[in-house]
Asker: 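Take this structure first; my questions come after.
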Amino acid sequence: MAEPGAAASAGRLLAMGVTGTVLALVAVLLLRTATFPEPDELRGWGRTGASRIPAQFSEAERTAMKEALKEAIQMPTVSFSSENINTTALAEFGEHIRKVFPFLFSTSFIQHEVVEQYSHLFTIHGSDPKLEPYMLLAHIDVVPAPNDGWEVPPFSGLERDGFIYGRGTIDNKNSAMAILQAMELLLRRNYVPQRSFYISLGHDEEVSGTYGAQKIAALLESRGIELSFIIDEGGYIMDDFIPGFEKPFAWISVSEKGGMNLMLQVDSDPGHSSMPPKETSIGILAAAVSRLEKTPMPNMFGYGTEKSILEQLAGQFGFPLNIILTNLWIFGPIMSRILEKSPATNAMVRTTVALTMFNSGIKVNVIPPTAQATINLRIHPAQTVPEVLEIVRNVVADDRVRYHVLNAFDPLPLSPHDNEAFGYQLLKRTIRDVFPEVTAVVPGICVGNTDARHYTNISKGLYRFNPIALNPQSFKSFHGLNEKISIQAYETQVAFLFELIQNADTEKVPRPHSAEHEL
Ligand SMILES: CCCCCCCC/C=C\CCCCCCCC(=O)N[C@@H](CC(C)C)C(=O)O
Ligand SMILES: [Zn+2]
Ligand SMILES: [Zn+2]
């Protein structure tokens, strides 16, 4: 987030001016942080006492869970496009889960359905019909991974130095396998849930989820099902993200950006390249997209969740950042500039525009009749598709450019994340139980898109959170090189889900004693 230089200059600014205000604010802050640790009596809500099953796994179980993940990674369930998915590998995955999770497929209160041939929907019938059901969501397809640049072949599932390597180890077979694994281990311990829930594993998330998540959501809607909340990928434990902020913090994405794929096209008369016109379709279009790249969309800091994220992290920083962050009413403009500096934080404060495809030309000596560029926009929660399209037109400001919206959708609404929000509070509580080193949980936004967006008709509580710690380097391996997960992190993910499923067996939302006791 804040670069060392930028934070230092913000600090210098501060030192030059508002010393009195700062001293007063330090006092307020000290009072606040003094009461930060949370009392132990709030631990372990949900199932308590004898009915609580501890997340302790035998050596044999730990070996089996790691081997099951490795085998899943070895199946190249690649989605190249909606029309081109590896159906052989997807079918193999279906056989694999039947083999390694036998209890899941033979328990009377669990129903398994295959949707559109390769997606899986499990219905786990709880004993208490008064409790509204929820869903754990993941996807089993992956993006392509050519061997080049990888330390080990991407579909080898090789273990090295305590890590399992391979495409899908963090996006997102780890979740698919960990959810099923946690449930299998609970069933082996005779667990019967009180609250019903669904496990949904989509097979085409990486190409929009049209036949997986979208069909499952429609199926549940046709059955009149409403869900209390859904937990999908798209938020993480952030480690080493912010200079000056040593501790990891949890980022639960309560929304995700909208999106638009927009094709820009310029047509012109073809002709002989020895007698070129002053401008060609390529030149006109290149200038247009260059203007777009040089003119960032407006900075929307303060209109999404980014401001409240910073305010909630404030108590974790040392001077002067703690003061800056608790007083964004003064320091907001500086902070919004700091956030613009890195691609990840820039994506939080504005609609981003990425030029992703450019096509033109048919022969070296022919003036091209047409040029096309496709841009991929990710829309900030405070903006809409028409607003963003209007800005694009104004920046391009050239009538020779024509626009084709390939697909577009608005940002997702903010899911509730107050003290009454059951799903959010359940995640927070389980984070605190399983990751004691995490001292802050923030409601963030997912800058990419997830299958959760297909479920808006059946749930208002869409949360995106994977219980794994990621640093900036591991973020680069998403869809990139050397994707890997440590065996310990995977075991912790299974333990987290094992606890979360039990924690969900309660009617009441946990109530913090006061705001200061909150994570
Ligand atoms: C202060 C710390 C700042 C850190 C900011 C990082 C923000 C993290 C939020 C989200 C991480 C991205 C999670 C990736 C999930 C996206 C999966 C994906 O690739 N989906 C496709 C869907 C498409 C419809 C095919 C996509 O392109 O978005
Ligand atoms: Zn994913
Ligand atoms: Zn992905």
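Whatever order the structure lists ligands and atoms in, that order sets their numbers, starting from 1.
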Asker: Which atoms of ligand 1 sit under 4.0 Å from any heavy atom of C446?
Answerer: 9 (C), 10 (C), 13 (C)
Asker: Tell me which part of E256 gets within contact of ligand 1: side chain, backbone, both or neither, using heavy atoms under 4.0 Å.
Answerer: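 The answer is neither.
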Asker: List ligand 1 atoms under 4.0 Å from F475, heavy atoms only on the residue side.
Answerer: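 With F475 as reference, the close atoms of ligand 1 come out as 11 (C).
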Asker: Using heavy atoms and a threshold below 4.0 Å, how should the contact between K257 and ligand 1 be classified: side chain, backbone, both, or neither?
Answerer: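 K257 to ligand 1: no contact under 4.0 Å from either part.
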Asker: Restricting to side-chain contact (heavy atoms from CB on, under 4.5 Å), what partner residues turn up for N449, sequence neighbours left out?
Answerer: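 Applying side-chain contact (heavy atoms from CB on, under 4.5 Å) to N449 gives E256, R378, F409, R453.
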Asker: With ring centroids as reference points, do F475 and Y236 lie under 6.0 angstrom apart?
Answerer: yes
Asker: When you check the gap from the basic side-chain N to the acidic O, do R337 and E340 get nearer than 4.0 Å?
Answerer: yes
Asker: Which residues pass the side chain to side chain donor-acceptor pair (under 3.5 Å) test with E221, not counting sequence neighbours?
Answerer: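 Listed in chain order: N457.
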Asker: Please indicate whether any nitrogen or oxygen in T450 is less than 3.5 Å from any nitrogen or oxygen in ligand 1.
Answerer: no
Asker: Given H203, which partner from the list F93, Y118, Y211 fulfils the ring-ring contact (aromatic ring centres under 6.0 Å, His included) test?
Answerer: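 Going through F93, Y118, Y211 one by one, the ring-ring contact (aromatic ring centres under 6.0 Å, His included) with H203 is satisfied by Y118 alone.
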Asker: Determine whether the side chain, the backbone, both or neither of I445 has a heavy atom under 4.0 Å from any heavy atom of ligand 1.
Answerer: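 The answer is the backbone.
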Asker: Under the 3.5 angstrom rule, does the side chain of T295 hit a backbone N or O of R291 as a donor-acceptor pair?
Answerer: yes
Asker: Less than 3.5 Å apart, any donor N or O on the side chain of N466 or S175 sitting next to an acceptor on the other?
Answerer: yes
Asker: Which ligand 1 atoms are under 4.0 Å away from a heavy-atom of E206?
Answerer: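 Those qualifying, in numeric order: 19 (O), 25 (C).
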Asker: Identify, with sequence neighbours excluded, every residue that meets side-chain contact (heavy atoms from CB on, under 4.5 Å) alongside H139.
Answerer: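 Per chain and number, H139 pairs via side-chain contact (heavy atoms from CB on, under 4.5 Å) with D141, D171, N172, E205, E206, E233, D451.
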Asker: Which atoms of the protein, restricted to N, O or S, are nearer than 2.8 Å to the Zn ion (ligand 2)?
Answerer: H139 NE2, D171 OD1, E233 OE1, E233 OE2
Asker: Please state whether R453 comes within less than 4.0 angstrom of ligand 1, counting heavy atoms only.
Answerer: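 The answer is yes: ligand 1 sits under 4.0 Å from a heavy atom of R453.
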Asker: Using a strict 4.0 Å cut-off to heavy atoms of R378, name the atoms of ligand 1 that fall inside it.
Answerer: 26 (C), 27 (O), 28 (O)
Asker: With the side chain counted from C-beta on, respond yes when D240 and P472 share a heavy-atom pair under 4.5 Å apart, and no when they do not.
Answerer: yes
Asker: Which ligand 1 atoms does G448 reach within 4.0 Å, using its non-hydrogen atoms?
Answerer: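 Near G448, the atoms of ligand 1 are 28 (O).
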Asker: Which atoms of ligand 1 have any heavy atom of V447 under 4.0 Å away?
Answerer: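 Those qualifying, in numeric order: 9 (C), 10 (C).
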Asker: Looking at ligand 1, is there an atom of it that comes within less than 4.0 Å of some heavy atom belonging to R464?
Answerer: no
Asker: List every atom of ligand 1 that sits less than 4.0 Å from any heavy atom of H479, numbering the atoms from 1 in the order shown and giving each element.
Answerer: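 Result: 19 (O).
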Asker: Looking at T456, is its backbone amide N or carbonyl O close enough to the side chain of S459 to form a donor-acceptor pair, meaning the two atoms are under 3.5 Å apart?
Answerer: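 Not confirmed, S459 side chain does not pair with T456 backbone.
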Asker: Can a donor-acceptor pair be found, under 3.5 Å and without considering hydrogens, that links the side chain of E483 to the backbone of I170?
Answerer: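 Looks like yes, one N/O pair under 3.5 Å.
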Asker: G444 and I309: which non-hydrogen atoms are nearest, and at how many Å?
Answerer: CA-CD1, 3.7 Å
